[in-house]
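Data block below; observations after.
Just so we're clear, the structure is a prediction, and the values are computed from it rather than from any experiment. Whatever order the structure lists them in is the order used to number ligands and atoms, beginning at 1.
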Amino acid sequence: MDLGLKGKRALVCAASKGLGRGCAEALAAAGADLVINARGAEALLAAAEDIRQRYGVSVTPVAADIVSEDGRATVLEAAGPVDILVTNAGGPPPGLWSDWERADFIAALDANMLTPIALMKALLPGMIDRGWGRVVNITSQSVKAPIPVLGLSNSARAGLTGYVAGTARQVAPFGVTINNLLPGIHATDRADALDRGVAEADGISLEEARARRAATIPARRYGTPAEFGAACAFLCSTQAGFIVGQNILLDGGATNSVL
Ligand code: NAP
């Protein structure tokens with residue numbers, strides 16, 4: 001299917017690895033030119049070169065911390081006007097409800113709520129002026145069903161979800177859609193880090209921790225960044241213009257709910 005993205009310009013944040021990289025690759029495969037971001041320059045430059053070679057699109061890498069105000073300004077300046085924004089950043093650390101102090105919550109809110117909001121605030125006006133735009137926020141399955149050890153994530157992502165629910169309906173009249181993609185467990189470095197924590201806590205191997213988690217998922221496996229990216233590219237497509245303010249789970253059936 002031609003997604004109508006040839007020549008569109010997409011900013012994909014936190015995209016040298018994992019789910020952001022999956023989104024960047026799927027958008028590039030659909031013909032979009034990219035601005036990609038991550039903090040570590042080495043992996044980012046390698047990702048940019050790899051995507052350029054494989055898909056023949058223009059890729060501008062910008063090494064910066066998207067969560068810091070300065071880093072965001074650098075990324076936005078390099079990006080210029082964009083048609084597509086994919087927001088993403090590292091997730092907060094796991095812990096117990098009683099572990100977290102105000103500073104921990106502020107850090108989580110900064111990364112997973114206020115950063116995507118700041119990016120939308122900066123880029124939505126241009127999309128509205130041009131009469132077309134797509135925003136996809138990478139959030140989490142935890143928005144639908146809380147993950148107890150990820151209380152910081154549960155809190156910050158719920159805040160972003162509330163903001164998107166109202167904002168998506170305000171920008172839709174101008175041809176701009178905002179939707180959230182909610183990953184369940186996907187095979188990335190982040191999943192490895194979470195599984196390593198479980199392995200250490202339970203005195204089991206990493207493979208055993210993975211196998212135990214996979215057994216709880218109806219699909220009996222982890223998702224892949226490529227599958228995740230394909231869903232993102234579809235939400236960014238011309239065909240997806242009537243999908244507004246939705247929260248779409250990609251979790252292999254892990255969230256046990258009717259709706
Ligand atoms: P990942 O494999 O660890 O990749 C994270 C990517 O983001 C890397 O490219 C990293 O590069 C970049 N990054 C992290 N912090 C950044 C920052 N402050 N500024 C710019 N770039 C940054 O993680 P992932 O699994 O793709 O997860 C992406 C998001 O989805 C996270 O918020 C995670 O919590 C959420 N999520 C993931 C899963 C899962 O199963 N994988 C499930 C639910 C939710 P640098 O380190 O070089 O900056």
Side-chain angles (χ1 to χ4, degrees), residues 11-25 34-48 50-51 61-76 78-79 86-94 107-116 118-119 136-147 149-158 160-161 180-198 209-210 213-214 216-217 219 221-229 231-232 247-252 254-255:
L11 167 58
V12 187
C13 302
S16 64
K17 299 178 192 164
L19 303 181
R21 170 81 179 260
C23 294
E25 291 202 19
L34 301 180
V35 179
I36 59 171
N37 152 260
R39 290 164 303 181
E42 197 179 329
L44 182 69
L45 294 179
D50 182 50
I51 294 172
V62 189
D65 182 351
I66 199 69
V67 175
S68 81
E69 223 167 299
D70 285 355
R72 241 181 349 262
T74 305
V75 171
L76 286 168
V86 180
T87 76
N88 187 26
L109 292 174
D110 264 341
N112 301 118
M113 177 184 171
L114 300 176
T115 290
L119 289 163
V136 174
N137 300 294
I138 300 180
T139 68
S140 172
Q141 160 188 25
S142 69
V143 170
K144 293 263 188 190
I147 301 171
V149 295
L150 291 177
L152 292 172
S153 172
N154 299 340
S155 308
R157 299 190 199 276
L160 175 62
T161 304
N180 302 323
L181 275 181
L182 283 52
I185 199 78
H186 282 70
T188 68
D189 288 359
R190 164 84 171 167
D192 274 352
L194 294 173
D195 286 342
R196 229 173 272 121
V198 171
R210 280 193 196 122
R213 195 198 291 268
T216 67
I217 302 170
R221 64 174 178 86
Y222 288 16
T224 68
E227 289 171 313
F228 191 87
C232 175
N247 290 282
I248 297 169
L249 262 178
L250 294 173
D251 71 345
T255 305

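In Ile138, the part holding a heavy atom less than 4.0 Å from any atom of ligand 1 is the side chain. At a heavy-atom distance under 4.0 Å, no atom of Ala193 approaches ligand 1.
For the atom pair CZ of Arg196 and CG of Asp189, the computed distance is 8.0 Å after rounding to the nearest 0.5 Å.
At least one heavy atom of Gly184 sits less than 4.0 Å from an atom of ligand 1. Using 4.0 Å as the threshold, Ala64 has a heavy atom nearer than that to some atom of ligand 1. Proximity of Thr115 to ligand 1 is not established, as no heavy-atom distance is less than 4.0 Å. Not close to ligand 1: Gln141, with no non-hydrogen atom less than 4.0 angstrom away. Taking 4.0 Å as the cut-off, Ala43 does not count as a neighbour of ligand 1 on heavy-atom distance.
Scanning the protein for heavy atoms near atom 35 (C) of ligand 1, the closest one is Arg157 NH2, 3.7 Å. For atom 26 (O) of ligand 1, the closest non-hydrogen atom on the protein side is Leu19 N, 2.7 Å. The nearest protein atom to atom 31 (C) of ligand 1, hydrogens excluded, is given as Ala89 O, 3.2 Å; this is a heavy-atom distance. When hydrogens are left out, the protein atom nearest atom 23 (O) of ligand 1 is Arg190 CB, 3.4 Å; that is the closest non-hydrogen contact. What sits closest to atom 28 (C) of ligand 1 on the protein, heavy atoms only, is Asn88 OD1, 3.3 Å. Protein heavy atom nearest atom 13 (N) of ligand 1, with residue, atom name and distance: Ala14 CB, 3.7 Å. Among protein heavy atoms, atom 20 (C) of ligand 1 sits closest to Asn37 OD1, 3.3 Å. Nearest protein heavy-atom neighbour of atom 40 (O) of ligand 1: His186 N, 2.7 Å.
In this structure, of Asn112, Asp251, Thr188, the residue bringing a heavy atom nearest to atom 24 (P) of ligand 1 is Thr188. Within the set Ser16, Gly223, Gly18, Pro92, the minimum heavy-atom distance to atom 8 (C) of ligand 1 is found for Ser16.
Listed for the Arg21 side chain is a donor-acceptor partner under 3.5 Å among the backbone atoms of Ser16. Panel note: side chain Arg157, backbone Met113; no donor-acceptor pair is recorded below 3.5 Å. Judged by distance alone, the side chain of Asp251 and the main-chain N or O of Pro183 form no donor-acceptor pair under 3.5 Å. The closest donor-acceptor contact from the side chain of Asn154 to the backbone of Ile147 lies under 3.5 Å.
A pairwise comparison of heavy atoms in Gly252 and Ile217 identifies O-CG2, 3.5 Å as the closest pair. The shortest non-hydrogen separation linking Gln141 to Gly184 is OE1-CA, 3.1 Å. Contact detail for Gly20 and Val12: the closest heavy-atom pair is O-CG1, 3.5 Å. Nearest approach of Leu44 to Asn37, heavy atoms of both residues: CD1-C, 3.6 Å. Shortest non-hydrogen contact noted between Ala24 and Leu34 is O-CD1, 3.4 Å.
When distances from atom 5 (C) of ligand 1 to the protein are checked, no heavy atom turns up under 4.0 Å.
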Subject >> Trace of the side chain to side chain contact (heavy atoms under 4.5 Å, CB included) decision for Val149 with Val198 >> reply: CA-CA 10 Å; Val149 295; Val198 171; over 6 Å; no
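Ligand 1 has no N or O atom lying under 3.5 Å from any N or O atom of Gly20, backbone or side chain. The shortest N or O to N or O distance between Ile185 and ligand 1 is not below 3.5 Å. Close N/O approach between Gly90 and ligand 1 is found [any backbone or side-chain N/O within under 3.5 Å]. Looking at ligand 1, you won't find any N or O of Thr139 less than 3.5 Å from one of its N or O atoms.
Ligand-side atoms of ligand 1 in range of Ser140: 43 (C), 44 (C), range being under 4.0 angstrom from any heavy atom. Using a 4.0 Å cut-off to heavy atoms of Gly91, the atoms of ligand 1 that qualify are 31 (C), 32 (O), 34 (O). For ligand 1, the atoms lying closer than 4.0 Å to a non-hydrogen atom of Val67 are 18 (N). With ligand atoms numbered from 1 in the order given, ligand 1 contributes 17 (C), 18 (N), 19 (N) to contacts under 4.0 Å with heavy atoms of Asp65.
Of the options Cys13, Cys232, Pro116, a side chain to side chain contact (heavy atoms under 4.5 Å, CB included) to Val86 is made by Cys232 and by none of the others. In summary, of the residues considered (Asn88, Thr87, Ile66, Leu160), a side chain to side chain contact (heavy atoms under 4.5 Å, CB included) with Thr115 occurs for Ile66 alone.
With sequence neighbours left out, Ala191 forms a side chain to side chain contact (heavy atoms under 4.5 Å, CB included) with Ile185, Thr188, Tyr222. Here Arg221 pairs with Glu227 under the side-chain hydrogen bond (donor to acceptor under 3.5 Å, both in side chains) rule; sequence neighbours left out.
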